[in-house]
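Report on the following structure.
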Amino acid sequence: MDRHDKKMELLDSTPIPRALLAMGIPTMIGMLVNALYNLVDAYFVGGLGERQMGAIAVVYPLGQVVVGLGLLFGSGAASYISRSLGWGDEKKADEVASTALYSSVSIGAVFIVISVVFLDPILRLLGATESILPFACRYAGIYIVSCIFNVFNVTMNNIVTSEGAARTTMCALLLGAALNIVLDPLFIYGADLGVAGAAMATALSQAVSTCVYLRYILQKKSVFHFRVRDCTYTKEIMSEIFKIGIPTMVFQVLTSVSISLINNAAGRYGDAAIAGMGVVTRLISMGTLSVFGFIKGFQPIAGYSYGAERSDRLRQAIRTSILWSTVFCVAFGAALALFPEAIVACFVPRGQAASSVEMVRVGAASLRANGLSMMLFGFYTVYSSLFLALGKGREGFLLGACRQGICFIPVILFLPMAWGLNGVLYAQPIADVLAAVVTLAMAVPLHKKLNERTL
């Protein structure tokens, strides 16, 4: 059996638990380590001081918006590719993959140039104070340019996973993350480059991950060919990509907006509050990215099963994914909720323990609440991803926008007015609970329709 047949067997007939492990665990490990090197950045930069820690917290959402362009084309293409493979239309899947890859890199490059030109006002808008701004500019000037690699990587991540090659994604992410962990202390302290060193380490690491994907393409290991001549900008292909990709990108943009709103709200209480919330953001993202990684393995199975009208297999994949992701979220959330002070204290600038009491207090209070609400995240993510995998862009858009947008933005805008700093600390956990309620309300009718499709 050749590589192509093995990938199709994984989507079509491999028992669901084994298929989810084969598809989801490699991507989950890769994204977990990817999130880990964001934490490593925070750990080593934290040794420089609160202003430097605040700088990377401010720049983080801008990088996420750029990455959102990779998700726009990558996730949109992945959903359509999985369904096309389920229908047996491999030529269409090949055209979609090529169109998505070249489009994302081209548009990503344009967006990065605009971001660099208007970097100073953008950083101020994202919450940079006068004391944080010089460090944020130094970090972002390198980091944002290197995001072109990340746009490519995110697009390929989705496409490669959609064809059942999750191990390639894991290798690309692991290699980049391991290199970043090694380079951070060497550049930040060994070469005395400070926050610029952290940005350089990230840039080189992303470039190495890009090389892994390029090798995968050039050695023709993919089901797809990724040829420029296969780019097909028909109404059908573009509408299918955007139908799923736009909700995913909106989710990513809303994540950036939510972080910016937190930074702006926390900025009223000083640099220590921004630094503390920046640590919480990275810690929570470690858990959320791990779940997203696992669900990336679930999505192609769900899309393929739906396209092939294998409703029993689809329902089993949903049940198993909810169970496994919830078990992970409960364990991860409990660890954060039980030991918040000790965890946040790891990011205190060296020799500044006494002056960083407020940073630890703010971060620990928020981390405890976020850890508890994290336990609902698996349930929410399975369904927000499921709607997109089934090609239901409207429902996927609504649910994807709930946690960081529809539920979060009103809370973060108004709660601090009534509750002060506590309103900032507990805004996300409250939004998480509201999003879970909306998810339940949308999941019930979906299952009724899936049951009717079987009859």
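Between Lys92 and Glu95 no salt bridge is recorded (no basic side-chain N to carboxylate O distance below 4.0 Å).
When every heavy atom of Phe408 is checked against every heavy atom of Ala431, the shortest pair comes out as CA-CB, 3.7 Å. Looking at every heavy atom in both residues, Ser209 comes nearest to Asn153 through CB-ND2, 3.5 Å. Nearest heavy-atom pair across Tyr426 and Ala365 is CE2-O, 3.7 Å. The nearest pair of heavy atoms linking Ala342 to Cys346 is O-SG, 3.4 Å. Heavy atoms only, all atoms of each residue included: Gly68 and Met249 are closest at O-CG, 3.5 Å. Contact detail for Met277 and Ser366: the closest heavy-atom pair is CE-OG, 3.5 Å.
Within the 4.5 Å cutoff, side-chain heavy atoms of Phe379 are placed close to those of Leu440. Put simply, the side chain of Asn263 does not reach to within 4.5 Å of the side chain of Leu126, judged on heavy atoms. Within the 4.5 Å cutoff, the side chain of Leu446 has no heavy atoms near those of the Met442 side chain. By the 4.5 Å heavy-atom criterion applied to side chains, His225 and Asp230 are counted as neighbours. Using a 4.5 Å heavy-atom cutoff, the side chains of Leu21 and Trp324 are in contact. Two residues are said to be in side-chain contact when any heavy atoms from C-beta on lie closer than 4.5 Å; Phe152 and Leu214 meet this criterion. The shortest distance between side-chain heavy atoms of Val444 and Lys448 falls below 4.5 Å. Looking at Arg315 and Arg319, their side chains come closer than 4.5 Å, going by heavy atoms from C-beta outward.
Proximity of a side-chain donor or acceptor of Ser258 to a complementary backbone N or O of Thr255 within less than 3.5 Å is detected. Distance alone, capped at 3.5 Å, places no donor-acceptor pair between the Asn150 side chain and the Ile144 backbone. A donor-acceptor contact shorter than 3.5 Å is absent between the side chain of Asp184 and the backbone of Ala201. With hydrogens and angles disregarded, a donor-acceptor distance shorter than 3.5 Å links the side chain of Asn158 to the backbone of Val154. No donor-acceptor pair under 3.5 Å is formed between the side chain of Thr320 and the backbone N or O of Ala317. Asp94 places no side-chain N or O within 3.5 Å of a backbone atom of Phe224 that could act as its donor or acceptor partner.
Here the straight-line distance linking atom OG of Ser260 with atom CD1 of Ile122 works out to 11.0 Å at 0.5 Å rounding. Here the straight-line distance linking atom CD1 of Ile430 with atom SG of Cys407 works out to 11.5 Å at 0.5 Å rounding. For the atom pair Tyr216 OH and Phe226 CZ, the distance stands at 7.5 Å (nearest 0.5 Å). How far CZ of Phe73 is from OG of Ser103: 4.5 Å, rounded to the nearest 0.5 Å. Between the OG1 atom of Thr234 and the CD atom of Glu240 there is a distance of 9.5 Å, given to the nearest 0.5 Å. Here Ile142 contributes atom CD1 and Cys147 contributes atom SG; the two are 12.0 Å apart, rounded to the nearest 0.5 Å.
A donor-acceptor pair shorter than 3.5 Å can be found between the side chains of Tyr80 and Glu236. Defined by atom type and a distance below 3.5 Å, a donor-acceptor pair is missing between the side-chain atoms of Gln316 and Asp312.
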Go through the steps for Asn157 and Leu173 under the test side-chain contact (heavy atoms from CB on, under 4.5 Å), then give the verdict.
CA-CA 9 Å; Asn157 180 325; Leu173 293 175; 4.0 Å; yes

Would you check, one step at a time, whether the test side-chain contact (heavy atoms from CB on, under 4.5 Å) holds for Ile112 with Val66?
CA-CA 7 Å; Ile112 287 170; Val66 179; 3.8 Å; yes

Could you walk me through whether Val65 and Phe111 pass side-chain contact (heavy atoms from CB on, under 4.5 Å), step by step?
CA-CA 10 Å; Val65 171; Phe111 187 88; 3.6 Å; yes

Would you please test Leu72 and Phe242 for side-chain contact (heavy atoms from CB on, under 4.5 Å) and show each step?
CA-CA 7 Å; Leu72 168 63; Phe242 288 150; 3.9 Å; yes

Cut-off 3.5 Å, no hydrogens considered: what does the side-chain donor-acceptor table look like for residues 326-341, sequence neighbours left out?
| residue | atom | partner | partner atom | Å |
| --- | --- | --- | --- | --- |
| Thr326 | OG1 | Ile322 | O | 2.7 |
| Glu341 | OE2 | Arg368 | NH2 | 2.8 |

Name each donor-acceptor pair under 3.5 Å that joins a side chain in residues 381-390 to protein atoms two or more places apart or in another chain, with its distance.
| residue | atom | partner | partner atom | Å |
| --- | --- | --- | --- | --- |
| Thr381 | OG1 | Phe377 | O | 2.8 |
| Tyr383 | OH | His447 | NE2 | 2.6 |
| Ser384 | OG | Tyr380 | O | 3.3 |
| Ser384 | OG | Thr381 | O | 3.1 |
| Ser385 | OG | Thr381 | O | 3.0 |

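Crowding of Arg227 atom CZ: a count of heavy atoms from other residues, nucleotides or ligands under 6.0 Å exceeding 12.
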